[in-house]
Amino acid sequence: MKKIFLLLLITVNILSCKKNKKTSFVNDTTHEAKIEALLSKMTLEEKIGQTNLRGVSSRATSLPTDLKESVRKGNVGAFLNIMNLEYVDELQRIAVEESPNGIPLIFGRDVIHGFKTLFPIPLGLAATWDAKIVEKSSEIAAFEASGAGIRWTFAPMLDIARDSRWGRIAESPGEDPYLATVLGAAYIKGFQGDDLSSPYRMAASAKHYIAYGAAIGGRDYNTVDISEQLLRNVYLPPFKAAIDAGSATVMSSFNEINGIPATGNEFLLKDVLRDELQFDGFVVSDWDSVIEMVAHGYASDEKHAGELAAKAGLDMEMTSQAYENHLKELIEEKKISVEELNEFVRNILRIKFRLGLFKNPHRNKEHTGNFYAKDHLKEAKKAAIESTVLLKNKNSILPISEKTNVAIIGPLANAPHEQLGTWSFDGEKEHTNTPLNAYQDTNTNFKFAKGLDYSRDTSKKGFKEAINIAKKSDVILFFGGEEAILSGEAHSRANIDLPGIQEELINELAKTGKPIVLVIMAGRPITITNIIDKTDAVLMAWHPGTMGGEALYEIINGIKSPEGRLPVSWPKTAGQLPYFYNHKNTGRPADSTNYIPMDKIPVAAWQSSLGNKSHYLDVGFTPHFPFGYGLTYTSFKYSDVSISKKDINFNEDLEVKFSITNTGKKAGKEIAQLYIQDVVGSITRPVKELKRYQHVSLKSGETKEVIFKISSKDLEFVNHKLIKVAEEGVFNLWVGPNAAQGLKTSFSIKK
Ligand code: BGC
C-alpha cells in the first residue's frame with residue numbers, strides 16, 4: 001500500500017473554510033455587539049419567537065388577527081409565502097413599530113430558478129456549465145423577488161443527484177460534485193451580491209443539508225444510508241462552496257442519514273456545519289421536518305422532536321411549531337439551556353443585520369422588481385440556449401433553414417405553464433414564450449397540430465390531424481416530454497420514458513418518412529431507447545422557462561447553436577439507476593470484450609460462460625449518453641496533449657496543455673473537460689472525476705491551445721480514517737468532450 005501523505009492531521013479541520021473572502025461573511029463580527037445588546041433586552045418568549053418561521057397561504061385574502069397579534073408580541077421571526085404586498089408592509093410595520101424590541105421580520109419564498117422571469121430549471125442551468133449565467137439568473141431572480149418584498153430565498157438546491165427517477169433531480173446541479181461546487185458558489189454570489197444589505201439582493205439558503213439526493217431508489221424523502229467518506233467526498237463539497245461564498249442560511253433536509261434525521265443531527269449541524277465549515281448564519285428546518293422526526297421514529301412526540309432539533313443546533317423551525325409550543329418548557333426542565341436558545345437567536349439576528357433590515361426594514365416602494373424587463377428576458381433566453389443539449393443529429397439535419405416547411409407537433413409545443421417547470425409559483429403563463437409563439441412571430445412556413453393535449457394524454461383523437469400536417473411538411477418538429485408536475489418534490493417516477501402515448505405518436509409520424517426532430521422538455525433525463533431510431537435529431541431543452549420558445553426557434557433554425565452539456569448521465573432505462581460516471585471500478589469491471597448481450601446468449605449456456613463482469617445482460621454497462629456529452633453544429637478535434645512534468649511533488653502545479661481544432665464548417669463552442677483517476681488508493685477511487693473545464697469558442701478551422709493547472713490539492717479525498725489526503729502514486733488524466741471520451745496521459749505524485 002502506498003504511503004499516505006497527511007495534508008492535514010486534524011480531522012476537524014479537514015473541510016476548513018477560506019476566510020476573509022470578499023463575498024464571504026464568515027467571521028464578520030461587525031454586528032456582534034448590537035446582537036448582544038439586543039439579546040440582553042429580549043424576553044424568553046421573544047427569543048423563541050425569533051425561531052418561528054410561519055407560513056401563510058399565498059391565496060389568503062386577509063391577514064388573520066391572531067397572526068398580527070403574534071407579530072406584535074414578537075412571537076414570529078420570519079414568514080414564507082406572503083405574496084400580498086400590503087400584508088408584507090403591514091406585518092413588517094407591526095414588527096418594527098409595535099413589537100417589544102422592534103425586530104424586523106424576514107420574508108422568504110422559493111425563488112428557485114427565477115421569480116417572474118423564469119430561467120431553465122436548475123438541472124437545465126447546470127447543463128450550461130456556465131457560472132456566469134447561473135450568477136446572472138440568480139441576480140435577476142433576487143432583483144425581481146426583492147421588488148415583492150422577498151429578501152430570502154430557499155435556494156440554491158445543492159443536492160448531488162445520481163438517480164433520474166428522483167423528481168427533485170430537476171432542482172439539482174446534477175451528479176458531479178465539482179460542477180456543483182462551481183455553480184453553487186455562483187448561485188450564492190448572484191442572490192446575495194457583495195453586499196447583502198442591498199435592497200435588490202436576497203439571503204440564500206443552501207439546501208437540503210444533506211444527502212437528500214441519496215434517497216434509496218430515487219423515491220422522495222426516502223432513507224439515506226451512506227458512509228461518511230461518501231458523504232464528505234460527494235455530497236458535502238457543494239455545501240462547503242456555498243458557505244465559503246457566504247450563504248446566509250442553510251436548510252436541513254427531510255431525510256435521515258444512517259438512522260438520524262438531518263434536522264436532529266447534532267454531528268452534521270454542529271460538528272460539521274459550525275466547527276468545520278465555520279458557518280455563522282442560521283439553519284432553518286425544511287417544511288415540518290422537525291415534527292416529521294416523529295414519523296421517522298426518532299422522536300416520541302412534538303416536544304421530543306423540538307428537544308432533539310434544539311439539541312442538534314437547529315436555529316429556526318419552518319411551519320411546524322415544536323419550538324413555539326415547547327421550548328419554554330424544555331428550558332424550564334433544563335433539557336435545553338437558555339444559552340442554546342441565545343445562540344439560535346444570535347445566528348438569526350446576525351442575518352437580519354447583514355440584510356440591513358434594522359436600517360431599512362420596509363419594502364422600497366420605488367423598487368418594483370421590473371418584472372419581465374427586456375434584459376431579464378434576454379438573459380433567460382441566453383440561459384435557455386446555453387442549457388439546450390443536442391443529443392443526436394443524424395446527417396446534420398439540424399439546423400434547418402427558416403424556409404423549411406415544418407410540422408409543429410406534440411404536447412409541449414404550446415404549453416406555456418408546463419415549460420416553466422417545477423417551482424414556478426410566480427411566473428405567469430401569459431408571459432411565456434412557447435415554441436409555437438416563436439414560430440407565429442416569424443414568417444416561417446409551419447403548420448401546427450398538437451397530436452396530444454398533454455404529456456400523459458392517452459387519447460388518439462389528435463393523431464390524424466398531426467399525421468396529415470406531417471405529410472404536407474418537410475420536417476416534423478415534435479415537442480414532447482413531461483408536464484411540469486411530473487418532476488419536482490414528491491414527483492418521482494419509476495418509469496422515465498415519455499409519458500402517455502407520445503412514443504406511439506412518434507412511431508406513427510415516422511411512418512410518413514419525414515425526418516423527425518424530437519425536442520424534449522422535462523425535469524429529468526427521459527429514456528428514449530425505444531424511439532431514438534425513429535428520430536433524426538434530439539434536443540434536450542429541460543423545462544426551459546419563460547423564453548424557451550425563442551431559444552429553441554433560434555437553435556432549430558441555426559441562428560444560435562445548442563451549447564449545453566449533460567450534467568447527469570443519461571440512462572438507457574430506469575432499471576440502470578442509480579447511474580453516475582464517477583463510480584468505482586469493482587473487482588470485475590465491465591468491458592466490451594467480455595459482454596454478451598442478452599439476445600446473443602446461446603440457449604442452455606453454461607452458467608459461467610458469460611464472463612462474470614459487472615454489467616446488465618440486457619443494457620450493458622454504459623449510459624445512453626455520458627455525463628458531459630453534448631453535440632454542436634460543428635465538430636472538434638482534440639490533439640497534442642502534454643503535461644509539464646511526469647512527476648510532481650505535493651502542492652506543485654501540473655500544467656496540462658492540449659489543442660482543440662474546430663474541424664467543421666460552422667463556428668461553435670466546445671466545453672473542454674479534464675478528468676483524473678487516482679489509479680491505486682488507500683481506499684478505492686472513482687474511475688474518473690471531473691477536475692476542470694473550460695468553454696472554448698472556435699471559428700471554423702480555428703485551433704486554440706487550452707491550459708489547465710491542477711495540483712495535489714485537486715486530488716485530495718477523505719479516506720477511511722476520515723482524513724483528507726492526497727496520495728502518492730500514478731494518476732490517469734483525460735482531456736476531452738465528455739466523461740467517456742478523451743485523450744489520455746498520466747503522471748505521478750511523489751514525495
Ligand atoms: C421543500 C423545500 C422548500 C420548502 C418551502 C419543502 O417542501 O422541500 O425545498 O424550500 O418546502 O417551500
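We count residues from 1, following the sequence as given. Read the numbers this way: they start at 1 and go in the same order the structure lists the ligands and their atoms.
- Aromatic ring pairs are classed by plane angle as parallel below 30°, tilted from 30° to 60° and perpendicular above 60°; the pair His367 and Tyr200 is perpendicular.
- With ligand atoms numbered from 1 in the order given, ligand 1 contributes 1 (C), 2 (C), 8 (O), 9 (O) to contacts under 4.0 Å with heavy atoms of Arg168.
- For atom 4 (C) of ligand 1, the closest non-hydrogen atom of the protein is Asp286 OD1, 3.4 Å.
- The aromatic rings of Phe254 and His208 sit parallel to each other, their planes meeting at less than 30°, with 60° as the upper class boundary.
- Among protein heavy atoms, the minimum distance from atom 7 (O) of ligand 1 is reached at Glu489 OE1, 2.7 Å.
- If you number the atoms of ligand 1 from 1 as listed, the ones under 4.0 Å from a heavy atom of Phe154 come out as 10 (O).
- With a 4.0 Å heavy-atom cut-off, ligand 1 is reached by the side chain of Met251 but not by its N, CA, C or O.
- By the 6.0 Å and 45° rule, Lys207 stacks over the aromatic ring of Trp423.
- Protein heavy atom closest to atom 3 (C) of ligand 1, with residue, atom name and distance, is Asp110 OD1, 3.2 Å.
- When all heavy atoms of Leu566 and Phe627 are compared, the pair lying nearest together is O-CD1, 3.7 Å.
- In this structure, His208 is part of the shell of residues with a heavy atom less than 4.0 angstrom from ligand 1.
- Below 30°, between 30° and 60°, or above 60°: for His431 and Tyr372 the angle between ring planes is below 30°, a parallel geometry.
- Ring-plane geometry between Tyr212 and Trp166 is classed as perpendicular, the angle between the planes exceeding 60 degrees on a 0 to 90 degree scale with a lower cut at 30.
- Near Lys207, meaning under 4.0 Å from one of its heavy atoms, ligand 1 places the atoms 2 (C), 3 (C), 9 (O), 10 (O).
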